[in-house]
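Just below is one structure, and these are the notes that go with it.
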2 protein chains.
Amino acid sequence: MRIRDVAATTGLSAHTLRWYEKIGLLRSVERDRGGRRLFTQDDLRWLEFIGRLREMDMPVREMVRYAELRERGEQGDATLAARRELLEGHRQRVRERMDRLAACLTHLDDKIAWYRGQEDDHA
Amino acid sequence: MRIRDVAATTGLSAHTLRWYEKIGLLRSVERDRGGRRLFTQDDLRWLEFIGRLREMDMPVREMVRYAELRERGEQGDATLAARRELLEGHRQRVRERMDRLAACLTHLDDKIAWYRGQEDDHA
DNA sequence: CTACAAGTTGGAGTGCGCTCGAAGTCAAGC
DNA sequence: GCTTGACTTCGAGCGCACTCCAACTTGTAG
């Protein structure tokens with residue numbers, strides 16, 4: 001797959017995909033003889049995965065760290081525990097975030113209910 | 001209350017409080033004869049409120065819009081519906097965000113479980 | 001009266017995550 | 001062979017939400 005195909009299927013821009021490679025989020029992307037990037041199915045799966053991490057607000061720096069561990073651990077399992085811990089740390093943060101969102105949402109619902117009350121009084 | 005007190009109780013910096021005033025998020029903050037800001041209990045409640053909106057990732061622009069409506073509606077209720085709609089719109093976005101977070105979290109939990117499996121295989 | 005902390009203003013700078021532009025290369029269609 | 005358009009690299013620019021700096025004024029304590 002070439003860059004525009006990946007852009008189309010992931011929703012990321014070609015600019016962003018090149019930038020991901022530059023910062024080390026995408027590693028060892030192949031080229032054809034013209035120097036154009038060729039993405040594999042594995043690359044797509046990886047982009048899907050980091051897309052979810054991003055959706056959970058993982059900082060790009062941390063994703064790059066995960067990518068590094070993944071590459072270093074290609075042949076062995078030396079980095080398995082480190083990767084799991086990184087993900088667990090993030091899971092914890094997401095849980096806390098969701099809890100805070102839920103709490104704020106309760107307040108917001110109260111406020112909206114109050115506005116409805118005001119409007120009814122004047123109806 | 002002076003700016004440092006508000007900074008201490010809200011956790012916002014004095015810089016940020018001045019900036020909030022500049023962009024119109026805080027309106028009509030009083031001054032003493034030396035020109036120093038004097039915040040009221042109402043200001044504190046307002047800061048608490050917008051703190052929650054911020055925690056729910058409402059853009060500052062939208063909070064400013066809410067602040068404007070609130071000021072325009074001080075004497076009447078002309079802006080009540082508009083304010084309620086603004087909040088309802090944001091509530092909807094927060095709900096969607098939480099749903100997406102929950103979905104991502106499920107994937108993340110699966111991934112973490114997979115890592116645990118790998119580590120156990122090698123134990 | 002002096003020293004000094006805490007405030008004031010306006011404007012510049014920061015970190016993040018892209019996003020865009022310029023200048024050049026490559027390959028497929030006519 | 002020439003045009004067209006998608007690609008390449010490098011580096012600059014942007015929007016957001018602050019964050020900090022410089023230069024100055026104010027009010028309190030010794």
Side-chain angles (χ1 to χ4, degrees), chain A residues 1-40 43 46-68 90 93-94 97 100 104, chain B residues 1-40 43 46-68 90 93-94 97 100 104:
Chain A
M1 276 179 115
R2 295 213 313 223
I3 201 164
R4 75 180 176 310
D5 307 312
V6 179
T9 61
T10 61
L12 298 165
S13 72
H15 282 306
T16 301
L17 289 167
R18 286 187 207 105
W19 179 69
Y20 275 8
E21 188 184 10
K22 188 164 83 182
I23 64 174
L25 248 193
L26 285 169
R27 294 171 165 262
S28 60
V29 178
E30 300 293 321
R31 307 291 155 114
D32 64 13
R33 27 196 164 72
R36 292 180 301 193
R37 287 169 183 80
L38 290 175
F39 295 83
T40 64
D43 291 328
W46 168 244
L47 284 168
E48 217 172 292
F49 176 65
I50 63 179
R52 277 195 297 270
L53 294 182
R54 261 197 46 59
E55 182 124 28
M56 292 186 279
D57 297 315
M58 180 181 282
V60 167
R61 304 283 276 283
E62 204 166 335
M63 292 195 271
V64 171
R65 212 177 115 47
Y66 184 89
E68 280 163 3
H90 195 67
R93 285 189 286 283
V94 174
R97 178 106 185 82
R100 285 198 308 276
C104 288
Chain B
M1 276 179 113
R2 295 215 308 229
I3 202 164
R4 75 177 175 303
D5 306 312
V6 180
T9 61
T10 61
L12 298 165
S13 72
H15 284 305
T16 300
L17 290 167
R18 286 188 206 105
W19 179 68
Y20 275 8
E21 188 184 9
K22 189 163 84 183
I23 64 174
L25 208 41
L26 286 168
R27 293 168 167 261
S28 62
V29 178
E30 301 292 320
R31 306 292 154 114
D32 64 14
R33 22 193 168 77
R36 292 178 303 191
R37 287 169 183 80
L38 289 176
F39 294 83
T40 64
D43 291 328
W46 168 244
L47 284 168
E48 217 173 292
F49 176 65
I50 62 178
R52 277 195 298 270
L53 293 182
R54 213 172 44 104
E55 181 123 30
M56 292 186 279
D57 296 318
M58 182 181 281
V60 167
R61 304 280 276 284
E62 205 165 337
M63 292 195 272
V64 171
R65 211 175 116 50
Y66 185 90
E68 280 163 4
H90 194 68
R93 285 189 286 282
V94 174
R97 176 106 185 81
R100 285 198 307 275
C104 288

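Keep in mind that this is a model prediction, so the values were computed, not measured. Reminder, nothing fancy here: chain letters follow the sequence lines and each chain counts from 1.
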Could you tell me if the side chain of [Y] sits less than 4.5 Å from the side chain of [X], heavy atoms only?
X	Y	answer
B:His90	B:Val94	yes
B:Met1	B:Leu38	no
B:Thr9	B:Asp5	no
B:Arg37	B:Arg2	no
B:Ile50	B:Leu25	yes

Starting at [atom1] of [X] and ending at [atom2] of [N], how long is that distance when rounded to a whole Å?
X	N	atom1	atom2	answer
B:Arg18	D:dC21	CZ	P	13 Å
A:Leu53	C:dG17	CG	P	13 Å
A:Glu55	C:dC18	CD	C1'	17 Å
B:Arg37	D:dT26	CZ	C1'	14 Å
B:Met63	D:dC16	CE	P	12 Å
A:Leu17	C:dC20	CG	C1'	15 Å
A:Asp57	C:dC16	CG	C1'	12 Å
A:Leu38	C:dC26	CG	P	15 Å

Shortest side-chain distance from [X], nucleotide among [options]:
X	options	result
B:Arg31	C:dT8, C:dA27, C:dC18	C:dT8
A:Tyr20	C:dT9, C:dA28, C:dC18	C:dC18
B:Trp19	C:dT8, C:dC16, D:dC18	D:dC18
A:Pro59	D:dT9, D:dC7, C:dG17	C:dG17
A:Val60	C:dA6, D:dA6, C:dG17	C:dG17
A:Arg54	C:dG11, C:dG7, C:dG17	C:dG17
A:Thr16	C:dG7, C:dT8, C:dT19	C:dT19
A:His15	C:dC20, D:dG27, D:dC18	C:dC20
A:Arg33	C:dA27, C:dC18, D:dC7	C:dA27

Contact nearer the 5' end of DNA chain C, comparing A:Asp32 with B:Arg2:
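Nearest-nucleotide comparison on DNA chain C picks B:Arg2.
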Toward the 5' end of DNA chain D, by each residue's nearest nucleotide, B:Arg36 or B:Leu12:
B:Leu12
